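None of these values were measured; they are calculated from a predicted model.
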Amino acid sequence: MRTRDWFARGVLPGTLAGLVGGLISAAALAQIAALPSTASLVRPGAAGAGVVVHLVVAAILGAGFGVLVWHQRPGAGETLFWGLTYGALWWFLGPLTLLPLLQLGVIAWDVHSAQEAFAGLLAHLGYGAATGLALAAIRRDPLPGGALRGWTLVGVLVRGAVAGLAGAWPLLALLGPRADGPSTPVIGLLGGVSFALLYPRPPDGTGPALVRGMVFGFFWWALWPLTIVPLARGAGLAWSVEDARAGFSVLPGYLLFGAAVGLGVQWLDGVARLLFSDIRGGGDQEGIGTEGLRAIGRGVLAGLAGGALFTVVAVRTGFVPAAAGLLGSRSALAGVTVQVVVACAIGASYGLFFRRQSLDVGSALGWGVTYGFLWWVLGPLTLMPVLLGAAPQWTAEAAAALFGSLVAHFAYGAAMGVVFHLLEARFNPWWIPRSRVEEARVVRRREHLLTSAPALWALVVVIALTLPILLNR
């Protein structure tokens, strides 16, 4: 019976979904004349065979994707993020590894080759996204609590629209009115509603919602200014590395916009449940205020630990004088003081947003690193230059120059996440038996692994480490 389920819910729907993703990515590759390279695996110069070869490979990869996620938590949002990560993985394995190895006998693991294959990265991301959404539609996975009908659907659409418009409004002051920027009302409305439809009943956790939204913002950056807008203008796909460099100026805006949408949808859903649902508190939970204060305290301590590691890296990368500039000083002491204060504040927010989300050291590293990346975009690229009286440093050159700061933020987030997890895991209220605490933790860990959380962690690291390197001249 299990083998039959594995085939019926994994291989077969995955193959069909892979064909859908293959058709969409083949159309894109045909526009940028990349299909002949695929056909050369069978017969050099046979451009017409490229579509057939591409669809066969897409179906095989789709079957593998179906097996990968057949036991994961159902839902369009979860399969979309798994699909994006699966597509990014096969960009590394395909155009950079297997294809040059079969054609030339070498592995193209260098920056120049990766820049040449940048259009393939977007094609693979498009394939993964289309395959994930197609798989969710083919399987017709039921939503928790039943299908969306009537006022329930209206509520989801309203929450998405409000979150999207509210998330786009602050970016209008940073980007100004742009035809392709994420701050336009149209993008705010479309982005908010589409995210709400992906997660009509979002899982608990403000922090994970921020990370989901940030990755969704990256997806919208690839979809809107690099794909839809140039196609609508009749200019073809803007998937070259030069086009991506020019479009990098709005990428941080899309990341922050997506994070704001994820946060808004999560909070509005919480308000709706508070107003219209019967909420029964369990005897194994602290009061909301007590739990929040404990989370803030643990977050401050974790932020101090992460800040210590951040300072070590920042001293080596020359970031301390820039932090001191916020106080109008250039001294190292002022810079370290600013970093400690900021580290404590970020740690406190991490404690509130990610409490009860770090179920082991692995998940603690995942959430901590992704939150550190969010603050790299929000801090050195956005808030710090604004506070110093300049414009946000949303260029590929600025991101490459601040690559050392990105490493420091990764180190900070990793240390903060692990320390927060260790502090949180040690707490055992006297009125709850330890056996019950451990049992609940095991159940939450199992449910956690069934979500797209591991895919989100991997994709954020790929985005953070790959783009500044690839898009730098």
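Among residue pairs with one or both ends in residues 402-418, those qualifying as side-chain hydrogen bond (donor to acceptor under 3.5 Å, both in side chains) are S405-H409; sequence neighbours excluded. Residue pairs meeting the salt bridge (charged side-chain N to carboxylate O under 4.0 Å, His left out) criterion with at least one member in residues 252-269, sequence neighbours excluded: R159-D269, D269-R273.
G191 and V261 make their closest contact through O-CG1, 4.3 Å (heavy atoms, listed as atom of the first residue, atom of the second, distance). Closest approach of G22 and A58 over heavy atoms only: CA-CB, 3.5 Å. Nearest heavy atom pair, residue R356 against residue L359, reads O-CD2, 4.0 Å. Listed here is the closest heavy atom pair of R201 and T152: NH2-CG2, 3.6 Å. Of all heavy-atom pairs spanning A464 and L406, the tightest one is O-CD2, 3.2 Å. Closest approach of P203 and R212 over heavy atoms only: CD-NH2, 3.8 Å.
Under the side chain to side chain contact (heavy atoms under 4.5 Å, CB included) criterion, L68 pairs with F65, W82, Y86, not counting sequence neighbours. Residues forming a ring pair (Phe, Tyr, Trp, His ring centres under 6.0 Å) with Y199 (at least two apart in sequence, or on another chain): F195. For S113, the side chain to side chain donor-acceptor pair (under 3.5 Å) partners at least two apart in sequence or on another chain are D110. For E397, the salt bridge (Lys or Arg N to Asp or Glu O under 4.0 Å) criterion is met by R473, not counting sequence neighbours. Evaluation of the side chain to side chain contact (heavy atoms under 4.5 Å, CB included) rule for A415 yields L309 as partners, not counting sequence neighbours. Residues that satisfy the side chain to side chain contact (heavy atoms under 4.5 Å, CB included) test with A28, not counting sequence neighbours, are L237, W239. For T85, the side chain to side chain contact (heavy atoms under 4.5 Å, CB included) criterion is met by A455, A458, L459, not counting sequence neighbours. Judged as a ring pair (Phe, Tyr, Trp, His ring centres under 6.0 Å), and not counting sequence neighbours, the contacts of Y350 are F354, Y371, F420.
The closest side-chain heavy-atom distance from L89 to V462 is not below 4.5 Å. When side chains are defined from C-beta on, L197 counts as touching L157, because their heavy atoms get closer than 4.5 Å. Side chains of T206 and L352 form no contact here, defined as non-hydrogen atoms less than 4.5 Å apart. Annotation: side chain of W376 is in contact with side chain of L402 (closest heavy-atom distance under 4.5 Å). No side-chain heavy atom of F218 sits under 4.5 Å from any side-chain heavy atom of L84. For the pair L256/L374, a side-chain contact is recorded, criterion being any heavy-atom separation below 4.5 Å from C-beta on. Within the 4.5 Å cutoff, the side chain of V20 has no heavy atoms near those of the T131 side chain. The closest side-chain heavy-atom distance from N472 to F403 is not below 4.5 Å.
No side-chain N or O of S25 forms a donor-acceptor pair with one of H124 less than 3.5 Å apart.
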Show me, pair by pair, the donor-acceptor contacts under 3.5 angstrom made by side chains of residues 95-102, not counting sequence neighbours?
from: T97; atom 1: OG1; to: F92; atom 2: O; distance (Å): 2.6
from: T97; atom 1: OG1; to: W109; atom 2: NE1; distance (Å): 2.9

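The structure places CH2 of W70 at 10.0 Å from CZ of R139, a figure rounded to the nearest 0.5 Å. Here CD1 of I24 is found 12.0 Å from CG of L29. Values are rounded to the nearest 0.5 Å. F118 contributes atom CZ, which lies 10.5 Å from atom CD of E242 (distance to the nearest 0.5 angstrom). L125 CG to I463 CD1: the interatomic distance, rounded to the nearest 0.5 Å, is 8.0 Å. Between atom OG of residue S249 and atom CD of residue Q393 there is a gap of 12.0 Å, rounded to the nearest 0.5 Å. For the atom pair CG of L456 and CZ of F81, the computed distance is 6.0 Å after rounding to the nearest 0.5 Å.
Using a distance-only test at 3.5 Å, with no hydrogens or angles considered, no donor-acceptor pair links the side chain of Q357 to the main chain of P208. Between the T382 side chain and the V377 main chain, a donor and an acceptor come within less than 3.5 Å of each other. Counting only distance, with no hydrogens or angles, the side chain of E78 and the backbone of S452 share a donor-acceptor pair below 3.5 Å. Looking only at distances, a side-chain donor or acceptor of T451 sits under 3.5 Å from a matching main-chain atom of A453. Without hydrogens or angle criteria, W367 side chain to G413 main chain gives no donor-acceptor distance under 3.5 Å. Without hydrogens or angle criteria, W221 side chain to P252 main chain gives no donor-acceptor distance under 3.5 Å.
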Check step by step if side-chain contact (heavy atoms from CB on, under 4.5 Å) holds for F310 and M416.
CA-CA 10 Å; F310 179 92; M416 176 180 63; over 6 Å; no

Could you go step by step and tell me if W457 and V215 meet the side-chain contact (heavy atoms from CB on, under 4.5 Å) rule?
CA-CA 10 Å; W457 305 332; V215 176; over 6 Å; no

Does the side-chain contact (heavy atoms from CB on, under 4.5 Å) test come out yes or no for L135 and V69, once each step is laid out?
CA-CA 10 Å; L135 181 61; V69 302; 3.4 Å; yes

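A tilted orientation is assigned to the rings of F216 and F219, their planes being inclined by 30° to 60°.
Atom CH2 of W90 is surrounded by 12 or fewer heavy atoms from other residues, nucleotides or ligands within 6.0 Å.
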